[in-house]
Amino acid sequence: MTATITLPDGPATPRAVQALRFLADRNGTMHRLRDRYGTAFTVQTMNLGRVVMLADPAEVKQLFLAGADDIDIVDINLGSVLGRGSFFAIRGEDHRQQRRLLTPPFHGRRLRAYESLIEDEAVREMRAWPLGREFAVMPSMMRITLNVILRAVFGADGAELDELRRMLPAMVRVGSVLAVLPLPRSRYGPWRYFWRYRARYDVVVDRLIDRARRDPDLESREDILAMLVQARYDDGTPMTRDQIADQLLTLLSAGHETTATTLAWAVERLRRHPGVLDAMTPELLDATVIEVQRVRPVIEMTTRQVRAETVQIGRWTLPRGTIAAACIALLHDDPALFDDPHTFRPDRFVGARPESYGWIPFGGGVRRCIGASFATLEMNVVLRTLIRDFVLEPTSAPGERPFNRGIAIAPAKGGRTTVRRK
Ligand code: HEM
């Protein structure tokens, strides 16, 4: 017997109008539709077509925890940008195996090895900060998180570090445009630039892999490239060069701008809440990182697609092909989940963990961000270093508006800040 399809309600305005509104102001539209339809609604979007938006923690939990045969990632064209071996292009059993190989380097003792590297990069970057004069902190945070990934993930130094540092930000920028714009693949225009970058990238990564394979100290190395070169699937085979290159590019694309924009928001929020800075303790700093991600999530939603004939998610029966989104931004300011949700109040998380499916800046289930612990450590160390060495001048300027940079939502003015040395 075929189940009866039930989708949440949504606006009756023409599809194109809905899609344009969603494109022009995603956050505002999501909030308006929640006010009108509640914690689930259906809306037309430009690049994904019809999307079922979910903002109830129990339904989001079901979406995240469904088996990969029932629900998996959306078929978008990321494979052509990040490569066929990228997390964003693989599914089912391939994905499970890759998670098994890549999860250990991102956890526990291995992670702590990066602490001094992160502090080192933060100190180096902050040494160049102007004193007593306002500047945008975002480019600085982008440099710190780029250098950290190139050293901790790619294991790069010397000429390779310099070359990747020069080339990758531009390559990721072109790639992120190509991932959302359905431009025909052509030898001209943006694809041409992208392939040129990719060819240079492959040469540098090949050099790093060759060097790792020859390295007599490979086993004691802490970088992720070194660990991937040694990793083996269940049947004993190693990852191919292409798989390693695709996954490193994926880690960089997913981890560089997201972490930097969250750090820029942390500075933007802290300058407007000097009481938090005055009361700072290690516990309050951990709580601050959680609260910044709650009030200013840099990824507003994450999507899945139904693979089975139908899937039941809470009140809804979704047919095959349906794209459903977990609305991170809506959960995070739901007054049913957080008291006084629009107020930045890190102490709400001192000694109290956030709601597990109400606070989801890193998504959830088998697709949950693999770099969540790494990013959390990095944000803590960078902020701890900043607060140790500098006084952040408070400001009464209005909060910066969110601006969509393509991959992540950043403070529109780049997190303007003024510092003095302690
Ligand atoms: C504050 C920083 C970060 C935020 C907010 C963030 C957020 C996210 C989100 C929302 C997802 C989708 C999860 C889902 O659909 O359930 C994701 C996936 C992913 N992230 Fe992060 N991320 C951050 C940092 C990082 C870092 C530092 C890395 C690696 C170095 C990383 C690597 C990845 C990868 C590989 C995936 C895909 C996982 C998979 O499909 O199995 N992210 N991230």
Side-chain angles (χ1 to χ4, degrees), residues 47-48 62-107 110 149 153-155 171-172 175-176 178-180 185 194-195 198 201-202 205-206 208-209 212-213 223-256 258 299 302-309 311 318 320-326 362-375 407:
N47 56 341
L48 295 174
Q62 281 185 34
L63 183 74
F64 283 154
L65 299 188
D69 290 340
D70 287 334
I71 288 188
D72 209 330
I73 48 166
V74 180
D75 274 325
I76 46 174
N77 204 18
L78 274 175
S80 54
V81 174
L82 294 170
R84 276 179 315 182
S86 161
F87 271 119
F88 296 112
I90 54 177
R91 293 215 207 94
E93 182 53 23
D94 283 351
H95 176 254
R96 196 192 62 77
Q97 291 203 20
Q98 284 287 296
R99 285 291 290 217
R100 208 178 60 69
L101 293 193
L102 272 103
T103 299
F106 279 107
H107 284 93
R110 294 210 160 139
I149 292 194
V153 176
F154 286 69
M171 176 170 164
V172 170
S176 66
L178 291 172
V180 287
R185 297 220 214 168
F194 185 74
W195 283 323
R198 176 74 204 212
Y201 168 80
D202 284 336
V205 172
D206 264 357
L208 292 173
I209 294 174
R213 287 191 175 144
D223 57 276
I224 287 172
L225 176 136
M227 291 178 211
L228 297 187
V229 166
Q230 298 169 80
R232 294 291 176 271
Y233 291 109
D234 293 340
D235 66 1
T237 52
M239 287 176 74
T240 65
R241 277 170 186 272
D242 284 351
Q243 279 174 331
I244 295 179
D246 291 352
Q247 289 297 37
L248 293 180
L249 184 60
T250 302
L251 296 174
L252 176 108
S253 311
H256 162 44
T258 44
I299 310 270
T302 182
T303 51
R304 299 286 190 275
Q305 189 160 24
V306 175
R307 309 249 149 231
E309 193 181 329
V311 166
L318 312 178
R320 179 176 288 135
T322 307
I323 294 181
F362 297 113
V366 292
R367 290 279 174 178
R368 183 172 189 266
C369 175
I370 202 169
S373 306
F374 184 94
I407 294 179

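One-based numbering along the sequence shown. For the numbers below, each heavy atom of this structure counts, side chains included, while hydrogens, waters and symmetry mates do not. Small disclaimer: the values here were computed from a predicted structure and weren't measured.
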Within this structure, what is the CD1-CD1 distance for the pair I407 and I299, rounded to the nearest 0.5 Å? 8.0 Å

Are L252 and V153 packed together at the side-chain level, in the sense that at least one heavy-atom pair is separated by less than 4.5 angstrom? no

Does T240 offer a backbone N or O that forms a donor-acceptor pair with the side chain of Q243 under 3.5 Å? yes

Smallest separation among heavy atoms of L63 and A324, with atom names: CD1-CB, 3.8 Å

With R100, which residues qualify under salt bridge (Lys or Arg N to Asp or Glu O under 4.0 Å), at least two apart? D234

With rounding to the nearest 0.5 angstrom, report the CD to CG distance, Q305 to L48. 9.0 Å

Is a side-chain N or O of Y201 found less than 3.5 angstrom from the main chain of A245, in a donor-acceptor match? yes

I'd like to check the side-chain contact (heavy atoms from CB on, under 4.5 Å) partners of D223; sequence neighbours left out, ordered by chain and number. R221, L225, A226

I'd like to check the side chain to side chain donor-acceptor pair (under 3.5 Å) partners of D70; sequence neighbours left out, ordered by chain and number. none

Closest heavy-atom pair and its distance - R232, G236: CD-O, 2.9 Å

Could you check whether any side-chain heavy atom of V229 comes within less than 4.5 Å of a side-chain heavy atom of R213, counting everything from C-beta outward? yes

Under the side chain to side chain donor-acceptor pair (under 3.5 Å) rule, collect the residues that match up with Q98, sequence neighbours excluded. Y233, Q247

side-chain contact (heavy atoms from CB on, under 4.5 Å) involving R99 - partner list, sequence neighbours excluded: F87, H95, T103, I370

Which atoms form the tightest heavy-atom contact between V81 and F194, and what is the distance? O-CZ, 3.1 Å

Which distance, rounded to the nearest 0.5 Å, do you find between the CG of L249 and the CD1 of I244? 13.5 Å

Gap between atom CG of L248 and atom CG of L228 - 0.5 Å precision: 6.0 Å

So, do V306 and I323 sit near enough that their side-chain heavy atoms are less than 4.5 Å apart? no

Does D72 use its side chain to pair, donor to acceptor, with the backbone of G92 at less than 3.5 Å? yes

For R96 and E93, work out which heavy atoms get closest and say how close. NH2-OE2, 2.9 Å

Non-neighbouring partners of R110 that pass side-chain contact (heavy atoms from CB on, under 4.5 Å), sequence neighbours left out: P104, P105, M227

With sequence neighbours excluded, residues passing side chain to side chain donor-acceptor pair (under 3.5 Å) with R198: D202, D246

Under 3.5 Å: donor-acceptor pair, side chain of S86, backbone of L82: no

Could you pull out all residues at least two apart from F374 that satisfy ring-ring contact (aromatic ring centres under 6.0 Å, His included)? F106, Y114

Considering residues at least two apart in sequence or located in another chain, which fulfil the side-chain contact (heavy atoms from CB on, under 4.5 Å) criterion with Q62? I313

Going by salt bridge (Lys or Arg N to Asp or Glu O under 4.0 Å), name the residues that satisfy it together with D206, two or more places apart in sequence or in a different chain. R241

Treating R91 as the side-chain partner and A89 as the backbone partner, does any N or O pair qualify as donor plus acceptor under 3.5 Å? no

What's the shortest heavy-atom distance between R307 and A68, and which atoms? CG-O, 4.2 Å

If you round to the nearest 0.5 Å, how far is CG of L251 from NE2 of H256? 13.5 Å

Side chain to side chain donor-acceptor pair (under 3.5 Å) with T322: which residues, sequence neighbours excluded? none

When rounded to the nearest 0.5 Å, the distance separating CD1 of I73 from CZ of R304 is 8.5 Å

